Amino acid sequence: MAEMDNILEVSHLKKYFPIKGGFFGGVTGQVKAVDDVSFSIKRGTTMGLVGESGCGKSTTGRTILRLLEKTDGTILFNGEDVNKKDKKELQELRTKMQIIFQDPYSSLSPRLPVGEIIGEAAREHKIVPDSEYEDYLSEIMKECGLQEYYKDRYPHEFSGGQRQRICIARALALNPEFVVCDEPVSALDVSIQAQIINLLKKLQQERKLTYLFISHDLSVVEHISDTVGVMYLGSLVETGKTEDIFANPLHPYTKALFSAIPMPDPDIKKERILLQGDIPSPANPPAGCKFHTRCAQCMEICKSQAPVKKDMGNGHCVCCHLYDDK
């Protein structure tokens with residue numbers, strides 16, 4: 001069978017969390033954390049997912065991996081529906097889809113030495129024969145910039161950057177095809193961020209990995225991503241190639257986000273777009289366009305009718321009534 005161009009295809013994905021209350025503890029509402037999200041990722045590329053905290057980025061990543069069960073929609077990995085797999089098939093899928101968490105310390109067991117943390121899943125899934133296990137573990141650690149003698153040390157003995165390398169090695173040990181990077185550098189110093197980003201890019205080239213890179217740091221996303229998706233209140237408002245979106249952001253929300261990116265040249269003045277008001281609750285999102293309550297370009301249609309996705313050329317898509325006639 002020919003290898004598919006898109007390793008991941010997400011269609012109309014929804015993830016709602018029930019709100020329980022009242023005397024009998026019944027369901028009184030729903031938090032719409034991910035609300036009708038669709039995108040695809042080509043094999044061997046990186047898609048950056050950006051937006052304010054609480055917009056649904058991490059929930060999207062975890063629902064794709066079935067760490068959370070979807071409410072509705074379809075997730076195809078290598079052409080196969082992830083949500084139709086039984087327990088045994090899902091266990092096999094875990095070797096192909098991995099995640100790197102935001103906080104490396106809390107995602108590592110303090111009771112296990114590093115060698116056991118990295119190699120536990122590889123041994124469980126029998127990635128290599130037992131006779132080759134130790135050599136395989138040493139090679140993975142070396143590939144991620146970790147010394148072999150670290151095997152017997154514990155997570156509390158390492159710096160933040162080293163812990164994140166351990167998390168990367170743990171994901172890499174299963175020889176995955178697709179990795180969700182859930183804000184993997186946000187807890188690190190700037191100089192260490194660059195090292196981890198460069199490591200991820202090197203591993204991607206060497207192993208032909210595909211990333212979903214979740215971050216609120218736009219400069220990092222611009223550096224590592226091939227395509228970008230901008231999320232607001234559980235929905236994608238703009239998607240496209242990285243160079244297109246950063247050179248010509250179309251949605252008012254995207255423009256506001258990008259206006260906050262610091263310029264390296266102090267002589268270059270950039271107009272800052274300040275968003276008014278607070279982010280609405282995902283339990284009670286506004287009617288029509290979800291962004292209309294904070295948008296300076298809001299029109300009457302925005303208050304009652306949700307915009308549909310429009311392709312503005314070269315795969316650059318936007319959901320905004322400003323472009324209804326284009």
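One is the number of the first residue; the rest follow in order along the sequence. Only a predicted model underlies this, so the values are computations on that prediction, with no experimental measurement involved.
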Query - Over 12 non-hydrogen atoms of neighbours within 6.0 angstrom of CD in Q276 - result: no
Query raised in the report: Salt bridge or not for R294 and E52, using N-O below 4.0 Å?
Result: yes
Query raised in the report: Does D311 use its side chain to pair, donor to acceptor, with the backbone of G313 at less than 3.5 Å?
Result: yes
Report task. Answer yes if the side chains of E9 and S40 hold a donor-acceptor pair under 3.5 Å, and no otherwise. Result -> no
Requested in this report: For K20, enumerate each residue passing the salt bridge (charged side-chain N to carboxylate O under 4.0 Å, His left out) test, keeping only those at least two apart in sequence or located in another chain.
Outcome: none
Report task. Go through the side-chain N and O atoms of D36 and H12 and say whether any donor and acceptor fall under 3.5 Å apart. Result -> yes
Report task. Report yes or no: do E183 and S215 form a side-chain donor-acceptor pair below 3.5 Å? Result -> no
Report summary line: So ring-ring contact (aromatic ring centres under 6.0 Å, His included) across residues 278-307, not counting sequence neighbours, yields Y232-F291, H251-F291, Y253-F291
Requested in this report: Please confirm whether F158 and Y150 have ring centers closer than 6.0 angstrom.
Outcome: yes
Query - Student check: side-chain heavy atoms of E177 and K208 closer than 4.5 Å - result: no
**Report entry** Salt-bridge present (R207, E143; N to O < 4.0 Å)
**Finding:** yes
Query - Electrostatic pair K15:D35 at N-O distance under 4.0 angstrom - result: no
Query raised in the report: Can you name the salt bridge (charged side-chain N to carboxylate O under 4.0 Å, His left out) partners of E120, sequence neighbours left out?
Result: none
Query - Test: E92 and K85 ion pair at under 4.0 Å - result: no
